[in-house]
Amino acid sequence: NDYFIGADINACLVNVATVKSISKKELTPTFITVLPSCKNIETIEMSSVYEIKEMLEKIKGKYDYCLFDLPPHLSGISLCALVASDYVVVPAHADTDSLAGYNYLIDTINQIKSNGWNTSLSVLGILYNDVFNQRMTQKYILNQTQTSMGDLVFKTIIKSTSKIEQARFFGVPFTYSNLDKKISNDYKALAKEIDKRIKNGKTKS
């Protein structure tokens, strides 16, 4: 299982951090390659819309999945990543403004498809994260969204915890840090659900 996370258009593929880890329950090593961002990444022009897609073609077949962590606003780098992607995972908070920009995102995806830049792009699902189980308002919003949007909402929910920041501080992958087994299991469940959705072709155009 090889994973390529992030993209820096100005980075060299041989000058990246590669992490190899072997789970106690797995005999197959997992390789995670991370290409960090840079201060000039937002300067990418829309005229370079195929630049990231062309970069990924050079490493096609070397990784199972390539993930882009993008800002919430639409920029040159975001557009390039959407053109290069097959699916979009929409992160959301369980509050009244959580999906305020969802329709705008759908409009952007439809525009990308109508322009012929990426006709196969689709939404894989909406992911709720940073959720406090004890808050009644959040429970209500989650129930309403799942009722109205159905399978478009991921069944996996990432609960809120300050220990994620602790893992970042110590530079340890959260799922291997043992700081919070329950949250680690949430992320592992999410990875499995994403993999299952992609293999089953469960998307919304």
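Atom OG1 of T145 is separated from atom OH of Y102 by 11.5 Å, given to the nearest 0.5 angstrom. Here S85 contributes atom OG and L124 contributes atom CG; the two are 11.0 Å apart, rounded to the nearest 0.5 Å. Expressed to the nearest 0.5 Å, how far CD1 of I52 lies from SG of C66 amounts to 11.0 Å. Of the inter-residue distances, the one linking F68 atom CZ with I77 atom CD1 reads 7.5 Å to the nearest 0.5 angstrom. Interatomic distance, CD of Q146 versus CD of Q144, reported as 10.5 Å (0.5 Å rounding). To the nearest 0.5 angstrom, L190 atom CG is 5.0 Å from I158 atom CD1.
A search for side-chain contact (heavy atoms from CB on, under 4.5 Å) contacts involving S120 returns D86, N118, not counting sequence neighbours. Qualifying side-chain contact (heavy atoms from CB on, under 4.5 Å) partners for E193, counting only residues two or more places apart in sequence or in other chains: F154, K155, T156, R197. Legend: residues meeting side chain to side chain donor-acceptor pair (under 3.5 Å) with T119, ordered by chain and number and at least two apart, are absent.
Other residues, nucleotides and ligands place more than 12 heavy atoms under 6.0 Å from the NZ atom of K159.
Nearest heavy-atom pair, A92 versus I126, reported as atom, atom and distance to 0.1 Å: CB-CG2, 4.1 Å.
When atom types are taken as modelled, the side chain of Q138 and the backbone of V131 share no donor-acceptor pair closer than 3.5 angstrom.
Y140 and I157 fall into different hydrophobic clusters, where Ile, Leu, Val, Met, Phe, Trp and Tyr residues are linked whenever their side-chain heavy atoms come under 4.5 Å apart, directly or through other members.
Annotation: side chain of I194 is not in contact with side chain of Y87 (no heavy-atom distance under 4.5 Å). Side-chain contact between Y65 and D195 is present, with heavy atoms from C-beta onward closer than 4.5 Å.
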